[in-house]
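Take a look at the structure set out below.
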Amino acid sequence: MSESLPRLDELLERLENDMRVEIEKRGLSDPVMIGVLSGGAWIAQQLHGRLAIREPLGLLNINFYRDDFSQIGMHPRVTPSKLPFRVEGRNILLIDDVLHTGRTIRAALNEIFDYGRPAQVVLGVLVARDGREIPVQADCSGMRLRLEQGQKIKLSGPEPLELFIISSSNIHEKHEQKLEER
Amino acid sequence: MIRDIQFDDAGRLRHFLTLEGLAPALLYRIMDTAESFVSVTDRQIKKVPLLRGKTIVNLFFENSTRTRTTFELAAKRLSADVLSINIATSATSKGEGLLDTIWNLQAMHVDMFVVRHAHSGAAHFIAQHVEPHVSVINAGDGRHAHPTQAMLDMFTIRRIKGDFTPLSVAIVGDILHSRVARSEIHALKILGVSDIRVIAPPTLLPGGIEQSGLRVFHDLDAGLRDVDVVIMLRLQRERMSGTFLPSKQEYYLRFGLTEARLRQARPDAIVMHPGPINRGVEIDSRVADGVQSVILQQVGYGIAIRMAILSMAMHSGDAAAAAREAS
């Protein structure tokens, strides 16, 4: 199944183009970029230079905003969020790797609003897959994808960045395969 | 064993009563979690929604403005609802027993108690009698323990000094009666500090302390030589004259930290104090307000450390409630 995925640089190029069109269409002046840790931040690092964003990249750790905290608890060594710019009134490009249930983006939006009230937020994701649980959609994406039950899409990185599909039945197999490759 | 009651069946932190017997990994985990809470105060909205819908009761049988305030702020920054009750002037003065108070509050669907009590073991006693989904945090019990104060001090040391192992740390003052000192010593040992010193007059040291692996000094100048961290303890008013000490003036002459005495320590040594300070008794104002003092930083870090402990313990309570509903 992983063979059917386009190459990662191709997906990044599509996402970049999609975002250029959206920035142009909305007339967004001087946007800032925020990547959701960790996969979204890796993608945002790639796009930040390509889209010539003036201000440094913002990083968002949504762990304190997760709606499943009572099930999963605290993650130790949480990299703190870092937004090195004012959020109030700004045009924000929010980047994540995979849009699945929509809960991560909901948490990310809640956190961003705790820093201030942005003018607009554009959501860009490398892959928008099926399985939405709340009404959140991407404005820009590298690809849209429908997966079979039990399948997941995963980005590993940051160096090298690799995108692959795993099935619940062969997660161990895939991990072993990746270890051998190294 | 207090240590056992602190964890749920899955090995997660449920109550936080003492540092005694805890693993270094847990102490590091608390500090790592606190690290990520430090930046919350830089935001426009100084809150995260982790404990939204939870109710925390500060049960203070002993007055302490600073500890109670930092616990209250920590809970509010986690979005919990907080109730602070000064028990000395309410329930127990009407003859209501301790457990009746606890059970009544539990009936109001409280999720966590933060307890300060003059009797050693009080927090442990309450922890033994609460429902499975309720957590108890020790905010100081008698002469026994003050684990969150010790953790915020460890967090302050790590932020400034980094690695614990090569450090020389001196604790100065009333070691005998101090729950802070007891918890600090446990924490420093767990974290592998190689040189832990206690400096005090013999009347303010527990018997047999020489056998505990600490270096004992009765002379402040000798004890401070080349240390990296100086932790000053507050001298309680009732010890300032009589059985334990001739007078507070005498104490200051021999054990008060002045600029001249601090020069015995390393030039980059930091000075800590759990507060509130008795200026001119255990510490000179020029030291307390000087460049080597990190006393106000301790206060700020106290909120982050308490946020970490509250959120870690609350998660265990959630798991207990989920298990109860499933059964």
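Lettering follows sequence order; numbering is per chain, from 1.
Within a 6.0 Å radius of CG in B:D163, other residues, nucleotides and ligands contribute more than 12 heavy atoms. The environment of B:L296 atom CG is sparse: at most 12 non-hydrogen atoms of other residues, nucleotides or ligands sit within 6.0 angstrom. Summarising the local packing, CZ of B:R52 is surrounded by 12 or fewer heavy atoms from other residues, nucleotides or ligands at distances under 6.0 Å. Within a 6.0 Å radius of NZ in A:K82, no more than 12 heavy atoms belonging to other residues, nucleotides or ligands are found. Heavy-atom neighbours of A:Q149 CD from other residues, nucleotides or ligands within 6.0 Å: at or below the threshold of 12.
Of all heavy-atom pairs between A:P80 and B:S36, the closest is CG-CA, 3.9 Å. Closest non-hydrogen pair, A:Y65 versus B:R43, comes out as OH-NH1, 2.7 Å. B:L50 approaches A:N63 most closely through the heavy-atom pair CD2-O, 4.2 Å.
Contact annotation for B:K47: only backbone heavy atoms (N, CA, C, O) come within less than 4.5 Å of a heavy atom of chain A.
Here the straight-line distance linking atom CG of B:L51 with atom CZ of A:F64 works out to 10.5 Å at 0.5 Å rounding.
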